[in-house]
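Written below as structure tokens is the structure these notes are about.
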Amino acid sequence: LSLASSAHDEHREEKPSINISGSADKFVTPDVGELVLGMQVEDKSAANAQNKVSAVLTAFTGQLKSIGLNANEIKTIQNSLNPVYDYSTKNPPYKIVGYTASQQVQIRVTGEDRLNLLSKSIDLATKNSINTINSLQFSVSPQRMRDVQKELYSQASINALETAKSVLSSLGLRFVGVKNINVN
């Protein structure tokens, strides 16, 4: 953006200024955890494969509630059934020799005090023949992130102001105000 200066502005003296940056950082403990685990079974029968997976995971999700998880923290995110082919012949059509059924469950907890339920879930999964752990992630909730950002912006501003006053003082100048703020 450029502005044409008026004759009045040409006689106005530009006040000296300095540019100072301030920064702040903070280690934030996660308050959201997400675990995805499941089971995969292969059987000659599609129905048997699917029934085995379903039975184990239904029992498992019931047990998850017994360790303190709420129903809204547990959800099935994937359920599949795929044929298994015998590729030993050189040309198609390949023969179907069985089926692979798989199901994945996502456990998502919020609150630092609930993160320990993820390790308990893994222990429980191991005891229940759950044979895939696909991911375990920790993050910071959006609300907590906003709160931390506000705190850090404030601290960075204070740090910049203290730096500006120190630099100006060492030059025998005094701080008279802020001309521009740029937040990154």
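Hydrophobic clustering places Ile18 together with Ile181 (ILVMFWY residues linked when any side-chain heavy atoms are closer than 4.5 Å, directly or through intermediates). Cluster membership for Leu152 and Leu161, using ILVMFWY side-chain heavy atoms within less than 4.5 angstrom, is not shared. In terms of hydrophobic clustering, with Ile, Leu, Val, Met, Phe, Trp and Tyr side chains grouped at heavy-atom distances under 4.5 Å, Leu69 and Ile122 are assigned to a common cluster. Placement of Ile133 and Ile74 within a single hydrophobic cluster is found when ILVMFWY residues are connected by side-chain heavy-atom separations under 4.5 Å, directly or transitively. One hydrophobic cluster, built from ILVMFWY side chains closer than 4.5 Å, cannot hold both Val178 and Ile158; they sit in different ones.
Under the salt bridge (Lys or Arg N to Asp or Glu O under 4.0 Å) criterion, Lys26 pairs with Glu151, sequence neighbours left out. Listed by chain and residue number, Met39, Ile130 satisfy the side-chain contact (heavy atoms from CB on, under 4.5 Å) test with Val56 (two or more places apart in sequence, or in another chain). Residues satisfying the side-chain contact (heavy atoms from CB on, under 4.5 Å) criterion with Thr76, sequence neighbours excluded, are Gln103, Val105. With sequence neighbours excluded, no residue satisfies side-chain contact (heavy atoms from CB on, under 4.5 Å) with Asp123. Residues passing the side chain to side chain donor-acceptor pair (under 3.5 Å) test with Asn79, sequence neighbours excluded: Gln50. Every side-chain contact (heavy atoms from CB on, under 4.5 Å) that Phe138 has, sequence neighbours left out, goes to Pro30, Leu115, Leu118, Leu136.
In this structure, a donor-acceptor pair under 3.5 Å is absent between the side chains of Arg146 and Gln149. For the residue pair Ser80 and Gln78, a side-chain donor N or O sits within less than 3.5 Å of a side-chain acceptor on the partner.
Asp86 places no side-chain N or O within donor-acceptor distance of the main-chain N or O of Val97, the cut-off being under 3.5 Å. The backbone N or O of Gly22 lies less than 3.5 Å from no partner atom in the side chain of Asn159, so there is not a single donor-acceptor pair. Arg144 places a side-chain N or O within donor-acceptor distance of the main-chain N or O of Thr29, the cut-off being under 3.5 Å. Judged by distance alone, with hydrogens and angles left aside, the side-chain atoms of Thr58 form no donor-acceptor pair with the main-chain N or O of Ala55 at under 3.5 Å.
Residues Asp31 and Val140 are in side-chain contact: their nearest non-hydrogen atoms beyond the backbone lie under 4.5 Å apart. Proximity of Ile107 to Leu64: side-chain heavy atoms (C-beta onward) are separated by under 4.5 Å at one or more points.
Taking CD from Glu34 and OG1 from Thr110, the interatomic distance works out to 10.0 Å, rounded to the nearest 0.5 Å. With rounding to the nearest 0.5 Å, the separation of OG in Ser102 from CG in Asn131 is 9.5 Å. Expressed to the nearest 0.5 Å, how far OG of Ser129 lies from CG of Leu57 amounts to 10.5 Å. In this structure, Asn134 CG and Leu37 CG are separated by 8.0 Å, a value rounded to the nearest 0.5 Å. Residue Ile67 holds its CD1 atom at 7.0 Å from NZ of Lys120, rounded to the nearest 0.5 Å.
Remark: Asn72 CG is packed, more than 12 non-hydrogen atoms of other residues, nucleotides or ligands lying under 6.0 Å away. Heavy-atom neighbours of Leu171 CG from other residues, nucleotides or ligands within 6.0 Å: above the threshold of 12.
Residue pairs meeting the side chain to side chain donor-acceptor pair (under 3.5 Å) criterion with at least one member in residues 60-69, sequence neighbours excluded: Gln63-Asn128. Counting only residues at least two apart or on different chains, no ring pair (Phe, Tyr, Trp, His ring centres under 6.0 Å) pair has a member in residues 97-117. Legend: salt bridge (charged side-chain N to carboxylate O under 4.0 Å, His left out) pairs involving residues 54-63, not counting sequence neighbours: none detected. Pairs of residues two or more places apart, or lying in two chains, that qualify as side chain to side chain donor-acceptor pair (under 3.5 Å) and include a residue from residues 164-183 are Glu14-Lys179. The stretch residues 42-54 participates, sequence neighbours left out, in these salt bridge (charged side-chain N to carboxylate O under 4.0 Å, His left out) pairs: Asp43-Lys52. Among residues at least two apart or in separate chains, salt bridge (charged side-chain N to carboxylate O under 4.0 Å, His left out) pairs with a member in residues 66-75 are Glu73-Arg114.
Taking every heavy atom of both residues into account, Tyr94 and Tyr85 meet most closely at O-CD2, 3.7 Å. The minimum heavy-atom distance between Gly68 and Leu117, with the atom names listed, is O-CD1, 4.0 Å.
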